[in-house]
Amino acid sequence: LSHSSFFPQGLGWYTVNSAYGDTIVMPCRVDVPQNLMFGKWKYEKADGSPVFIAFRSSTKKSVHYDDVPEYKDRLSLSENYTLSISNARISDKKRFVCMLVTEDNVFEAPTIVKVFKQPSKPEIVSKAPFLETEQLKKLGDCVSKDSYPPGNITWYRGGKVLQSLEGEVVIIFTKKMDPVTQLYTMTSSLEYKTTKADIKMPFTCSVSYYGPSGQKTVHSEQAVFDIYYPTEQVTIQVLPPKNAIKEGDNITLKCLGNGNPPPEEFLFYLPGQPEGIRSSNTYTLTDVRRNATGDYKCSLIDKKSMIASTTITVHYLDLSLNPSGEVTKQIGDALPVSCTISASRNATVVWMKDNTRLKSSPSFSSLHYQDAGNYVCETALQEVEGLKKRESLTLIVEEESPYINGRYYSKIIISPEENVTLTCTAENQLERTVNSLNVSAISIPEHDEADEISDENREKVNDQAKLIVGIVVGLLLAALVAGVVYWLYMKKSKTASKHVNKDLGNLEENKKLEENNHKTEA
């Protein structure tokens with residue numbers, strides 16, 4: 001009822017517009033006369049012949065509906081002779097006539113009925129799985145069903161109407177009526193020549209139709225198509241990043257084409273090899289060496305002129321320390337030390353001695369005991385992670401003791417500021433003996449009348465009074481070593497006479513020698 005409307009159709013004629021499925025309401029457009037006998041409704045066939053469908057007596061108040069199959073149980077005639085037809089169909093589109101009859105006259109009022117059916121929401125079907133650039137190809141069909149009267153379909157690209165254009169846009173429209181429901185199905189087929197500009201471009205369609213209240217339009221959902229286009233550029237990538245490749249690494253070359261779909265196979269060209277190696281989009285080299293440095297290329301298989309290249313540097317780092325390992329030298333000797341670096345780029349060099357960083361590389365023109373220690377030369381390439389080298393030198397500084405009257409002597413002079421432990425090692429081809437001696441540091445005033453010294457002089461005396469202790473460690477140790485050596489020497493070989501004789505001497509001589517040396521050093 002809500003969709004019915006009335007429009008004059010000429011003098012005495014009216015039009016009722018109704019939506020499909022609604023109730024058609026047709027008032028009788030004749031004033032009811034006082035001497036009315038009855039009222040009737042009829043419709044006219046296409047040939048003009050009448051078909052009576054409803055009758056109502058004004059005296060008996062009775063209603064009679066004629067036996068017309070298509071209107072069975074659908075009619076209702078009110079007391080004011082308004083005819084209602086439920087569940088409007090397309091076949092109800094007719095010319096109906098209201099007739100009021102008196103004893104001497106018949107009054108008629110025709111009404112034109114029109115029925116409209118809104119089509120279904122249009123849908124893009126039979127969509128192409130992909131579109132190829134520069135090729136005219138069917139994009140899909142836009143379908144809208146159950147319309148009356150039939151509607152019109154329009155295609156849109158990016159919201160703008162697509163017009164037919166020879167060789168680029170081809171639109172074919174068809175409509176088909178259901179013989180039972182008399183409803184129409186509209187189909188519009190679109191052939192389209194795509195370009196790369198259509199990547200992610202939305203396509204839609206709409207159906208325009210007439211309803212009881214005028215023209216309306218319904219739009220479809222968007223459809224986006226996969227656009228195929230050929231490769232126009234090739235690029236090559238190196239994994240890991242090519243500024244961090246070092247000897248021993250694995251290199252993966254990855255070749256990419258900007259086409260859609262991207263190429264699946266390529267030709268890879270290695271330095272010095274004119275023939276390409278056919279592979280997927282990746283090619284791996286394992287455990288590369290410095291001779292792998294060079295230009296690497298890749299190209300399409302079917303278009304070798306489309307090629308990409310990159311330069312790879314395999315970084316390396318060599319370190320040579322001379323001398324290295326354990327080196328024993330005599331005190332006062334000269335020892336040239338060199339740490340030679342060969343690298344693919346500038347490298348940093350650090351010298352360490354006993355885990356302490358040195359300010360400069362070590363150089364020994366005359367070795368001292370304090371030069372002994374563990375030296376490490378370490379180098380690295382800052383930009384290349386994990387590329388480090390190091391070598392070490394363990395320097396031993398010793399004094400070759402003079403052999404006098406069957407004795408060896410070794411003397412060391414120290415200026416201790418705190419208690420220290422000295423270790424002396426005596427060694428020859430037969431034996432090695434080690435002995436240690438704890439030395440305490442004390443201060444001794446320079447004259448007896450210490451109480452008379454002023455505070456200022458006392459500080460000077462204290463500063464200068466740290467005695468340089470001369471320890472004749474070798475005398476005691478040499479005596480011990482000589483005894484052991486002599487015993488082993490006599491036991492192992494009778495030819496010991498060919499070696500240097502060692503005589504321990506007596507304790508009085510050692511004591512005198514120690515006193516003399518102490519006086520001399522003091």
Side-chain angles (χ1 to χ4, degrees), residues 235-256 268-273 277 279 281-298 308-398 423:
T235 57
I236 187 170
Q237 298 177 353
V238 182
L239 301 174
K242 54 182 185 176
N243 63 342
I245 298 174
K246 61 183 180 299
E247 286 191 316
D249 284 349
N250 297 335
I251 300 176
T252 297
L253 303 174
K254 187 173 185 179
C255 202
L256 303 172
F268 288 87
Y269 300 87
L270 309 185
Q273 299 183 15
I277 301 173
S279 177
N281 67 336
T282 59
Y283 183 80
T284 300
L285 297 90
T286 59
D287 192 23
V288 295
R289 301 287 104 187
R290 64 192 67 180
N291 59 3
T293 295
D295 293 332
Y296 290 79
K297 302 176 182 179
C298 71
S309 65
T310 186
T311 300
I312 294 177
T313 299
V314 180
H315 292 285
Y316 62 90
L317 180 61
D318 296 333
L319 183 151
S320 177
L321 178 60
N322 185 31
S324 62
E326 185 175 305
V327 175
T328 301
K329 301 295 288 184
Q330 301 299 314
I331 192 168
D333 286 355
L335 179 64
V337 178
S338 64
C339 186
T340 305
I341 307 298
S342 175
S344 54
R345 62 172 59 173
N346 291 336
T348 60
V349 179
V350 174
W351 275 96
M352 308 284 290
K353 179 188 178 184
D354 298 330
N355 298 321
T356 300
R357 182 168 179 169
L358 300 178
K359 295 182 178 180
S360 61
S361 59
S363 178
F364 310 107
S365 58
S366 177
L367 286 170
H368 301 83
Y369 280 116
Q370 56 266 33
D371 294 327
N374 185 46
Y375 293 84
V376 175
C377 178
E378 183 174 284
T379 182
L381 292 186
Q382 297 289 347
E383 301 85 352
V384 184
E385 183 179 357
L387 192 51
K388 297 181 178 180
K389 294 290 181 67
R390 61 184 292 166
E391 286 195 25
S392 62
L393 163 65
T394 301
L395 176 60
I396 300 173
V397 178
E398 63 181 19
T423 300

### Considering all heavy atoms, the nearest A343-L317 contact
CB-CD1, 3.6 Å

#### Entry: Gap between atom CG of L253 and atom OG1 of T284 - 0.5 Å precision
7.5 Å

### Message
Can you tell me if K246 has over 12 outside heavy atoms packed within less than 6.0 Å of its NZ?
### Response
yes

### Task
Give, for atom CD1 of I245 and atom CD1 of I251, the distance between the pair rounded to the nearest 0.5 Å.
4.0 Å

### Query
Do V337 and S363 come close enough that some side-chain heavy atom pair is under 4.5 Å?
no

### Query
Which pair of non-hydrogen atoms, one from S320 and one from E391, has the smallest distance, and what is that distance?
CA-OE2, 4.2 Å

### Query
Are L367 and L335 close enough, and set up right, to give a side chain to side chain contact (heavy atoms under 4.5 Å, CB included), and what steps lead you there?
CA-CA 7 Å; L367 286 170; L335 179 64; 4.3 Å; yes

## Note on the structure
Shortest non-hydrogen pair, L381 vs A347, comes out as CD2-CB, 3.6 Å

### Query
Among side-chain atoms of T293 and T313, is any donor-acceptor pair under 3.5 angstrom?
no

### Message
Could you check whether any side-chain heavy atom of E326 comes within less than 4.5 Å of a side-chain heavy atom of I396, counting everything from C-beta outward?
### Response
yes

### Nearest heavy-atom neighbours spanning G294 and Y296
O-CD1, 3.5 Å

### Query
With distance as the sole criterion, is a donor-acceptor pair present between the side chains of T394 and N374 under 3.5 Å?
yes

#### Entry: Heavy-atom pair of closest approach, residues S344 and H315
OG-ND1, 2.7 Å

### Query
side chain to side chain contact (heavy atoms under 4.5 Å, CB included) between T282 and L239: does it pass, once the steps are laid out?
CA-CA 10 Å; T282 59; L239 301 174; over 6 Å; no

## Note on the structure
Separation between CD (Q237) and OG1 (T235), nearest 0.5 Å, reads 5.5 Å

### Task
Determine whether more than 12 heavy atoms belonging to other residues, nucleotides or ligands lie under 6.0 Å from atom CG of D354.
yes

### Task
Could you pull out the closest heavy-atom pair between A292 and P271, with the gap in Å?
O-CG, 4.3 Å

### Main-chain N/O of Y269 paired with K297 side-chain donor or acceptor, under 3.5 Å
no

### Query
Considering residues, nucleotides and ligands other than N346, do more than 12 of their heavy atoms fall under 6.0 Å from its CG?
no

#### Entry: Side-chain touch K389/D318, heavy atoms, less than 4.5 angstrom
yes

### Task
Take the angle between the ring planes of Y375 and W351 and call it parallel below 30°, perpendicular above 60°, tilted in between.
perpendicular

### Message
Quick check against the 3.5 Å criterion: does T379 have a side-chain atom that pairs as donor or acceptor with the backbone of T348?
### Response
yes

### Task
Measure the CG-CD1 distance between L285 and I312 for me, rounded to the nearest 0.5 Å.
7.5 Å

### Query
How long is the gap from CG on L395 to NZ on K329, to the nearest 0.5 Å?
9.0 Å

### Task
Quick one: which residue pairs count as a salt bridge (Lys or Arg N to Asp or Glu O under 4.0 Å) with a foot in residues 359-380, not counting sequence neighbours?
E378-R390

#### Entry: Atom pair CD1 (I236) and CG (N281), whose distance is rounded to the nearest 0.5 Å
11.0 Å

### Message
Is there a side chain to side chain contact (heavy atoms under 4.5 Å, CB included) between S309 and D295? Walk through the geometry before answering.
### Response
CA-CA 7 Å; S309 65; D295 293 332; 5.6 Å; no

### Query
Are more than 12 heavy atoms from other residues, nucleotides or ligands located less than 6.0 Å from atom CD of E385?
no

### Message
Going by disulfide bond (SG atoms under 2.5 Å apart), name the pairs with one or both residues in residues 346-381, residues two or more places apart or in two chains.
### Response
C339-C377

